[in-house]
Amino acid sequence: MLLLKIGGGESINLAGIARDLAHVEDSVCIVHGANALRDDLARRLGVEKQVLTSVSGYTSVYTDEGLMDVMLMAYSGLRNKRLVELLQREGMNAVGFTGLDGALVRGKRNKGIRVRQGGKTLIRRDLSGKPVAVNRQLLRLLLDNGFTPVVTVPIIDENGFAINSENDDVVAELNMVLKADVVVQLIEAPGILEDRNDPGSLIRRMTRAELADRERRVTGRMKRKLLALRRLTEQASTRVVVADGRRESPLTDALAGSGTVIP
């Protein structure tokens with residue numbers, strides 16, 4: 001079983017990923033982002049995007065109704081359906097949907113994000129939360145009948161509302177059900193870097209202990225990503241590969257060991 005997370009950056013080679021996937025013999029479940037497309041649409045539509053940093057150092061996008069509308073256009077609309085199209089052209093019977101559809105991924109709405117603003121600690125509430133459960137029956141129905149699920153945010157909260165969530169956390173929750181042999185994350189970098197400004201500083205192998213130590217020492221989005229990776233590696237014997245999604249054959253190269261491997 002392969003669980004594949006495709007980053008939402010502009011330069012990710014989706015066509016190359018689709019070509020590679022056509023040669024994978026195992027069952028595949030895909031989770032994808034669309035942050036670059038979301039930001040572009042938000043600018044064109046005049047919707048302001050705010051990034052919050054919690055007092056513990058984690059960053060997240062503040063999601064109100066306006067940004068949720070943009071997300072639905074970008075994630076579950078354009079990016080999801082274009083990716084399904086690419087996979088269908090490669091002979092894969094892909095089905096694209098969000099965590100909201102069929103209550104595939106249920107989440108718990110955040111009570112609020114503690115942030116520092118103007119010298120004060122404030123609670124900011126929005127349409128975001130964390131995944132807590134997966135509709136196992138729906139997921140297995142698709143996979144067991146030869147379909148390739150292509151999943152993205154939003155997910156669904158306790159009261160049936162669409163909420164934003166980190167796709168890295170969605171991947172971890174899905175893997176609780178799938179127990180994939182390998183989880184591949186394709187991003188806009190060669191892998192996890194010692195210095196984020198130096199593409200040549202790739203860390204080729206990282207133990208789980210090293211992952212936890214690095215998480216404590218970084219801030220921003222990388223801190224959140226490393227937290228999700230740590231949770232993923234704690235689940236079972238799943239091997240995790242974080243590799244470059246911009247290459248000619250991104251997935252083939254990742255499965256061959258390029259990028260950062262967390263055994």
Side-chain angles (χ1 to χ4, degrees), residues 2-24 26-47 49 61 63 66-102 104-105 131 138-139 142-143 145-156 162-171 174 178 183-189 221 225 242-255 259:
L2 167 65
L3 179 53
L4 172 63
K5 191 243 178 175
I6 304 173
E10 185 177 3
S11 60
I12 297 292
N13 182 7
L14 294 179
I17 294 169
R19 287 194 299 270
D20 288 350
L21 280 166
H23 300 288
V24 173
D26 291 338
S27 296
V28 179
C29 180
I30 301 168
V31 178
H32 73 82
N35 57 288
L37 182 57
R38 175 203 61 203
D39 293 350
D40 179 58
L41 282 173
R43 285 191 297 268
R44 290 158 60 184
L45 294 170
V47 177
K49 187 190 83 168
V61 175
T63 308
L67 192 67
M68 177 58 73
D69 285 346
V70 174
M71 282 188 59
L72 290 169
M73 297 179 215
Y75 284 76
S76 58
L78 185 54
R79 177 52 61 94
N80 187 270
K81 299 315 169 195
R82 285 301 189 189
L83 182 52
V84 168
E85 177 189 36
L86 285 170
L87 293 168
Q88 290 285 354
R89 286 165 53 188
E90 294 294 338
M92 299 182 68
N93 203 0
V95 179
F97 55 122
T98 71
L100 181 67
D101 297 296
L104 177 72
V105 183
L138 176 56
L139 192 59
L142 293 167
L143 289 166
N145 285 279
F147 296 98
T148 299
V150 183
V151 184
T152 192
V153 291
I155 63 176
I156 186 170
I163 56 172
N164 190 11
S165 189
E166 293 288 335
N167 265 331
D168 286 329
D169 293 333
V170 172
V171 168
L174 286 170
L178 296 173
V183 176
V184 174
Q185 298 200 7
L186 297 176
I187 63 174
E188 287 185 299
R221 288 202 61 79
K225 176 173 283 293
V242 182
D244 200 332
R246 303 165 297 181
R247 300 173 71 141
E248 180 67 22
S249 300
L251 179 59
T252 298
D253 292 347
L255 292 174

[atom1]-[atom2] distance between [X] and [Y], expressed to the nearest 0.5 angstrom:
X	Y	atom1	atom2	result
N35	R79	CG	CZ	8.5 Å
I155	E166	CD1	CD	10.5 Å
L138	F97	CG	CZ	5.0 Å
T152	K5	OG1	NZ	9.5 Å
L174	I30	CG	CD1	12.0 Å
L41	L72	CG	CG	11.5 Å

Any side-chain heavy atom of [X] sitting closer than 4.5 Å to one from [Y]?
X	Y	result
N164	M71	yes
R82	L14	no
Y75	P154	no
V70	K49	no
L87	L21	yes
V47	D69	no
L143	L178	yes
L83	I6	yes

Take L251 and H23 through the test side-chain contact (heavy atoms from CB on, under 4.5 Å) and record every step on the way to the result. CA-CA 10 Å; L251 179 59; H23 300 288; over 6 Å; no

Work out which heavy atom in [X] is nearest to a heavy atom in [Y]; give both atom names and the distance.
X	Y	value
C29	V151	SG-CG2, 4.5 Å
I12	G7	CG1-O, 3.6 Å
P149	L139	CG-CD1, 4.2 Å
D244	P250	O-CB, 3.6 Å
V105	P131	CG1-CB, 3.6 Å
A36	G9	CB-C, 4.0 Å

[X] and side chain to side chain contact (heavy atoms under 4.5 Å, CB included): which partner among [options]?
X	options	result
V153	D169, L100, N167, T63	N167
R247	I17, D20, L186, D253	D253
V150	V84, V28, L86	V84

Just by distance, do the side chain of [X] and the backbone of [Y] share a donor-acceptor pair under 3.5 Å?
X	Y	value
Q88	A94	yes
D101	T98	yes
E188	S11	yes
K81	G96	yes

Taking 4.0 angstrom as the limit, do D40 and R44 come out as a salt bridge?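 Yes, charged N to carboxylate O under 4.0 Å.
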
